[in-house]
Amino acid sequence: MGYVLELRQTVGSRPLIQVGSMAIPINEQGQVLMIYRADLEVWSFPAGSMELGDNLEQTARRELREEAGVDAQLFELLYVDSGAHTYFKYPNGHEAYNVTAVYLARGITGMLRADGEETLDVRWFDLDAPPDHSRGVKEVLPLLLERRSRGEL
């Protein structure tokens, strides 16, 4: 059981400040790797909560491996997102204000694999043609498109 789930046993569904990381895997063709989340039934980037003793990059690396079955050679911090707009109520009723370190992940190795529990599918998508996606993707997509226009992706 993870740290946040242990906290939930004490605080129930009340809002928590939840710290985590998001990995945006990008390949040499400029495509991004997305996962289909089982809980929200939406495409997203691999992301999850920090565990005790982890740093933010370790969290991004672990979530990428657990949710998509791949690793990355390089993680580049894009930004840290926080504030009132990060409030989220999960389908199970748990509430959180998320503090999320958003990383670009490059040099992807391994075989794409959905874990069948948190993720039901894993695929590469062109930035210009993403599938229906989560709020987190909507927030970061303009930044990715801007970086691509400057030749940084």
Side-chain angles (χ1 to χ4, degrees), residues 1-9 12-13 15-52 54 56-82 85-145 148 153:
M1 177 180 302
Y3 176 69
V4 171
L5 292 178
E6 288 179 26
L7 283 177
R8 289 288 178 200
Q9 291 181 336
S13 61
L16 292 177
I17 296 172
Q18 193 166 276
V19 180
S21 296
M22 174 186 288
I24 303 172
I26 190 159
N27 65 18
E28 293 175 359
Q29 294 76 39
Q31 296 173 309
V32 291
L33 184 69
M34 298 177 76
I35 59 166
Y36 191 78
R37 290 181 55 143
D39 59 349
L40 302 176
E41 298 180 343
V42 68
W43 288 95
S44 187
F45 295 119
S49 298
M50 181 182 278
E51 296 294 335
L52 292 175
D54 279 356
L56 291 166
E57 185 177 314
Q58 288 169 327
T59 300
R61 187 176 298 279
R62 182 189 68 248
E63 294 298 329
L64 179 60
R65 189 176 310 113
E66 287 178 0
E67 295 181 358
V70 296
D71 291 302
Q73 295 174 3
L74 177 68
F75 285 82
E76 173 191 347
L77 180 64
L78 289 177
Y79 66 97
V80 177
D81 194 19
S82 62
H85 72 279
T86 69
Y87 170 82
F88 191 77
K89 187 171 186 176
Y90 292 88
N92 64 5
H94 293 172
E95 298 177 75
Y97 287 87
N98 292 294
V99 178
T100 306
V102 180
Y103 288 89
L104 271 183
R106 299 178 192 262
I108 305 302
T109 60
M111 299 294 293
L112 299 183
R113 176 197 46 78
D115 69 8
E117 293 179 26
E118 288 184 273
T119 59
L120 301 178
D121 200 357
V122 181
R123 296 186 199 173
W124 292 102
F125 293 98
D126 292 326
L127 280 175
D128 296 317
D132 288 336
H133 47 270
S134 69
R135 181 176 77 187
V137 174
K138 286 181 176 109
E139 292 173 4
V140 77
L141 197 56
L143 175 63
L144 296 174
L145 292 168
R148 185 182 68 183
L153 290 184

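Please read these numbers as outputs of a predicted model, since none were measured by experiment. What's counted below: heavy atoms across the whole structure, side chains too, no hydrogens, waters or symmetry copies.
- Nearest heavy-atom pair across A23 and L64 is CB-CB, 4.3 Å.
- Two residues are said to be in side-chain contact when any heavy atoms from C-beta on lie closer than 4.5 Å; L143 and E139 fail this criterion.
- Two residues are said to be in side-chain contact when any heavy atoms from C-beta on lie closer than 4.5 Å; D121 and R123 meet this criterion.
- The closest side-chain heavy-atom distance from I24 to V140 is below 4.5 Å.
- For the pair A38 and L120, the tightest heavy-atom approach, listed with the atom from each and the gap, is CB-CG, 3.8 Å.
- Although no hydrogens or angles enter the test, the distance criterion places a donor-acceptor pair under 3.5 Å between the side chain of N27 and the main chain of G30.
- When the shell of 6.0 Å around CD of Q29 is examined, it contains more than 12 heavy atoms from other residues, nucleotides or ligands.
- Distance CH2/W43 to CZ/F125: 4.0 Å, rounded to 0.5 Å.
- By the 4.5 Å heavy-atom criterion applied to side chains, T100 and Y79 are not counted as neighbours.
- A salt bridge is defined here as a Lys NZ or Arg NE, NH1 or NH2 lying under 4.0 Å from an Asp or Glu carboxylate O, and R61 with E57 meets this definition.
- For A72 against R106, the heavy-atom pair with the smallest separation is CB-O, 3.5 Å.
- Atom CD1 of I17 has 12 or fewer neighbouring heavy atoms from other residues, nucleotides or ligands inside a 6.0 Å radius.
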Query raised in the report: How far apart are the C-alpha atoms of R8 and H94, what are their side-chain angles, what is the distance that settles it, and do they pass the side-chain contact (heavy atoms from CB on, under 4.5 Å) test?
Result: CA-CA 8 Å; R8 289 288 178 200; H94 293 172; 3.6 Å; yes
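- When side chains are defined from C-beta on, S21 counts as touching Y103, because their heavy atoms get closer than 4.5 Å.
- Contact check for S49 versus T59: no side-chain heavy atoms found under the 4.5 Å cut-off.
- With salt bridges taken as basic N to acidic carboxylate O contacts below 4.0 Å, one links R148 and D128.
- Side-chain atoms of E63 do not come within 3.5 Å of backbone N or O of M22 as any donor-acceptor pair.
- V122 has its side chain within reach of L33: a pair of non-hydrogen atoms, C-beta onward, lies under 4.5 Å apart.
- In terms of heavy-atom proximity, F45 sits nearest to M34 at CE2-CG, 3.7 Å.
- Shown here for G93 and S13, the closest heavy-atom pair between the two residues is O-CB, 3.3 Å.
- Ionic pairing of D115 and R113 is not present here: no N-O contact between side-chain nitrogen and carboxylate oxygen is shorter than 4.0 angstrom.
- Between N92 and D39, every side-chain heavy-atom pair lies at or beyond the 4.5 Å cut-off.
- Around CG of D132, the count of heavy atoms belonging to other residues, nucleotides or ligands within 6.0 Å does not exceed 12.
- The nearest pair of heavy atoms linking V99 to S82 is CG2-CB, 4.1 Å.
- Put simply, CG on L104 and CG on L77 are 9.5 Å apart, with the number rounded to the nearest 0.5 Å.
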